[in-house]
Amino acid sequence: MVRKAKAVLCRDLNRPVVVEEIVVDPPKRGEATIKTAACGVCHSDLSATNGTIQMPLPLVLGHEAAGVVVEVGAGVTDLTPGDHVVSSFVHMCGKCRWCATGKPHLCDSAAKTLYTLADGTTPARDGSGRSLNIFSACGVMAAYATLSIENLVKIEQDVPLDRAALVSCGVMTGVGAVFNTAQVEPGAAVMVIGAGGVGLNVIQGAAIAGAHPIVAIDVAEAKLDLAKRFGATHTINAAQEENVVKAAKKLTAGGPDYCFECIGLGKTVEQAFRSLRKGGKAVVVGVTRGEESVSVRPASLTFEEKTLTGSYFGSARPREDFPRLLALYRAGRLKLDELITHRYRVDEAPQAFADLEAGKNARGVIVFE
Ligand SMILES: [Zn+2]
Ligand SMILES: [Zn+2]
């Protein structure tokens, strides 16, 4: 059936998001409609509203949601109404070389699923009947959303959906960078530059992996306090420390084995690389703007065998990793409750975005009735 849904839209760049009633089409073959319970407000959503991520407007925002399946399209056997699901902003075609080799986060269908479903259509329209694009083939900052089942991961029903939503972007990106991309081993020295939403999850991933010490670096004292709560053993306030690299080397007996850059600046990527001890690995998690560049001394690649690499979406295998993260939460080892610092009604979405931009939340979540 066709459903009406309150949704958060970007209509004009650099303007506050708007809340409107939209129309959501029923699922076609290989699709499902979900009743959204909660959707995290992520930096990528904000980036779409200011042009850092370029998406055609108008756009239904949202890519970090959990909800309940209410209808499935033809040919769908993996999901039935009543199932709890989490959205995946990577579409997993299952057939390309990346999907076939266990790297669905690099799936070749990404280019076709930026703001429509994979077949180029969109299931959402506004009150006047105009088509609405959907963020990352999700558009889940809406009370109902129709997605490809390749963008949905079924989960157990015992985890509250507002918490479950978080694993689908920020938590996966941070914890996955530690578990999947870097494969940090117990006792490794870890440094994390940037203790925002993703950085906090790198820190808690490192703590779960048994790393020690875990050094968090930021310019905001409040974020460094949070970092300690998520497992940082030491902190460096980069606003007060003249030579961050030197300070980091001192705290880690010669430099970290792993350094995660979670800001997305050329300068801090260089700091990450320079800090490393021999054989160390610098992992760029932050999304840099196109004009950023870094310079490294190639001799340290050869003689010190240092590695500079990146991690996209925590090298996620959503169908395996989302349930695994929720199992860690269930066991009391992954902090999700503490990440949600504010819950908003959908009508409060403009405030949620303003708070995100002001750096007020570890994570803000929009909760639907
Ligand atoms: Zn996100
Ligand atoms: Zn694929």
Side-chain angles (χ1 to χ4, degrees), residues 8 10 17 30 36 38-50 52-55 59-66 86-115 117-119 134-142 145 147-153 162-177 194 196-202 262-264 285-288 311-322 325 336 339-340 349 352-353 355-357 359 361-366:
V8 183
C10 175
V17 298
T36 310
C39 181
V41 186
C42 173
H43 232 273
S44 305
D45 295 303
L46 180 66
S47 294
T49 72
N50 62 26
T52 307
I53 295 178
Q54 290 180 359
M55 299 234 178
L59 177 73
V60 184
L61 294 161
H63 59 280
E64 185 184 276
V86 171
S87 62
S88 164
F89 71 85
V90 297
H91 181 263
M92 302 165 276
C93 82
K95 302 185 191 79
C96 72
R97 74 175 290 189
W98 309 110
C99 285
T101 55
K103 300 184 177 83
H105 65 297
L106 300 176
C107 176
D108 280 335
S109 66
K112 289 189 293 184
T113 50
L114 293 173
Y115 49 84
L117 298 168
D119 64 3
I134 50 174
F135 190 113
S136 285
C138 290
V140 284
M141 209 173 275
L147 298 83
S148 162
I149 59 163
E150 307 307 347
N151 288 87
L152 290 170
V153 174
D162 57 349
R163 259 100 350 135
L166 299 190
V167 303
S168 68
C169 182
V171 174
M172 184 68 243
T173 299
V175 178
V198 170
L200 285 179
N201 283 300
V202 172
C262 305
I263 302 175
V285 184
V287 178
T288 52
S311 175
Y312 175 59
F313 191 28
S315 306
R317 303 147 306 174
R319 294 199 196 288
E320 161 69 11
D321 288 331
F322 291 0
L325 289 169
L336 295 180
L339 271 181
I340 303 179
F353 276 79
D355 289 350
L356 172 68
E357 200 161 15
N361 287 323
R363 204 49 148 192
V365 172
I366 291 176

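One-based numbering, in listed order, for ligands and for the atoms of each.
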Examine all N, O or S atoms of His63, backbone included, and report whether one is under 2.8 Å from the Zn ion (ligand 1).
yes
Can any side-chain N or O of [X] pair as donor or acceptor with the backbone N or O of [Y] at less than 3.5 Å?
| X | Y | result |
| --- | --- | --- |
| Thr113 | Ser136 | no |
| Asn201 | Val175 | no |
| Ser148 | Glu150 | yes |

How many degrees, to 10°, between Cys42 SG and Cys169 SG as seen from the Zn ion (ligand 1)?
120°
Test side chain to side chain contact (heavy atoms under 4.5 Å, CB included) applied to His63 and Ile134, step by step
CA-CA 9 Å; His63 59 280; Ile134 50 174; over 6 Å; no
Quick check: does Cys107 put an N/O/S atom under 2.8 Å from the Zn ion (ligand 2)?
yes
